[in-house]
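In what follows, a structure is listed as structure tokens, so that the remarks can point back to it.
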Amino acid sequence: SAVISQKPSRDICQRGTSLTIQCQVDSQVTMMFWYRQQPGQSLTLIATANQGSEATYESGFVIDKFPISRPNLTFSTLTVSNMSPEDSSIYLCSVVSYSGNTIYFGEGSWLTVV
Amino acid sequence: QKEVEQDPGPLSVPEGAIVSLNCTYSNSAFQYFMWYRQYSRKGPELLMYTYSSGNKEDGRFTAQVDKSSKYISLFIRDSQPSDSATYLCAMSAVGTGRRALTFGSGTRLQVQP
């Protein structure tokens with residue numbers, strides 16, 4: 001299985017600021033995703049991070065709010081822009097295994113916006 | 001109607017009991033089915049993965065998929081207090097190039113010692 005490291009693991013952020021979350025994988029992977037898990041809720045897909053091109057966003061998520069970069073096959077960033085308390089969530093990076101059959105998650109980045 | 005329905009629980013059982021966790025889904029394109037375990041303040045951990053219909057066993061865990069009924073199950077035998085967590089079912093479609101997962105809402109399980 002892939003080892004996925006996320007930074008920061010948790011942060012308390014001021015309203016109106018932006019925070020960038022990093023995701024580093026220990027091996028090259030084809031597909032990387034960013035999910036959000038709001039308190040007490042299940043996981044919702046934000047976007048697919050595409051290597052070398054713009055991310056593909058799900059309905060309800062836009063690039064201006066959640067810009068994503070993926071400069072290579074092992075690294076991606078998600079920025080949460082102009083944060084409000086409603087953005088307080090766990091943000092999770094996930095990758096598809098080399099075989100393409102299984103999907104793994106990082107430990108998550110726990111953001112609280114005050 | 002959500003694409004994936006899962007009873008949120010909480011489900012409370014005594015130690016040693018057999019636990020049955022279930023999800024139903026509406027999208028017939030789903031063919032990869034997974035179960036994740038999530039402890040409090042941790043990321044989801046992949047427990048079981050199955051493709052199409054049938055059963056798969058791994059230690060105390062058995063995953064079942066019934067595509068005709070659009071119904072999947074996870075059984076935990078000889079449940080332990082350490083199994084107390086939220087269990088998430090997840091699934092993805094084949095042939096669309098879309099490998100992102102659609103999740104159920106999660107079932108919170110409590111195993112009482």
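Order of the sequence lines sets the chain letters (A, B, ...), proteins ahead of strands, with each chain counted from 1.
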Hydrophobic clusters here meaning ILVMFWY residues chained together by side-chain heavy-atom distances under 4.5 Å, can you tell me if B/Val65 and B/Phe75 are in one?
no

Between B/Tyr32 and A/Ile103, is a side chain to side chain contact (heavy atoms under 4.5 Å, CB included) present by the stated rule, with each step listed?
CA-CA 10 Å; B/Tyr32 289 96; A/Ile103 298 177; over 6 Å; no

Are B/Val19 and B/Ile72 connected in the hydrophobic side-chain network, where two residues link if heavy atoms are under 4.5 Å apart?
yes

Backbone of B/Gly106 reached by a side-chain donor or acceptor of A/Ser42 within 3.5 Å
no

Gap separating the CZ atom of A/Phe105 from the OH atom of B/Tyr36, nearest 0.5 angstrom:
5.0 Å

Which atoms of A/Leu92 come close to chain B, meaning under 4.5 Å heavy atom to heavy atom: side chain ones, backbone ones, both, or neither?
side chain

Taking a hydrophobic cluster as the set of Ile, Leu, Val, Met, Phe, Trp and Tyr residues connected by side-chain heavy atoms closer than 4.5 Å, whether directly or through intermediates, do B/Phe33 and B/Leu21 fall within one such cluster?
yes

Taking side chain as everything from C-beta outward and backbone as N, CA, C, O, which of these in B/Glu45 sits under 4.5 Å from a heavy atom of chain A? Side chain, backbone, both or neither.
neither

Using the rule that two of Ile, Leu, Val, Met, Phe, Trp, Tyr join whenever any of their side-chain heavy atoms come within less than 4.5 Å, decide whether A/Val96 and A/Tyr35 are in one cluster.
yes

When hydrophobic residues are tied together by side-chain contacts of less than 4.5 Å, even through go-betweens, does A/Val29 share a cluster with A/Ile21?
no

Spacing of A/Gln37 atom CD and B/Leu88 atom CG [to the nearest 0.5 Å]
6.5 Å

Which region of B/Arg108, side chain (C-beta onward) or backbone (N, CA, C, O), has a non-hydrogen atom less than 4.5 Å from a non-hydrogen atom of chain A, or is it both or neither?
neither

Over all heavy atoms of both residues, which pair between A/Gly106 and B/Pro44 is shortest? Give the atoms and the distance, please.
O-CD, 4.4 Å

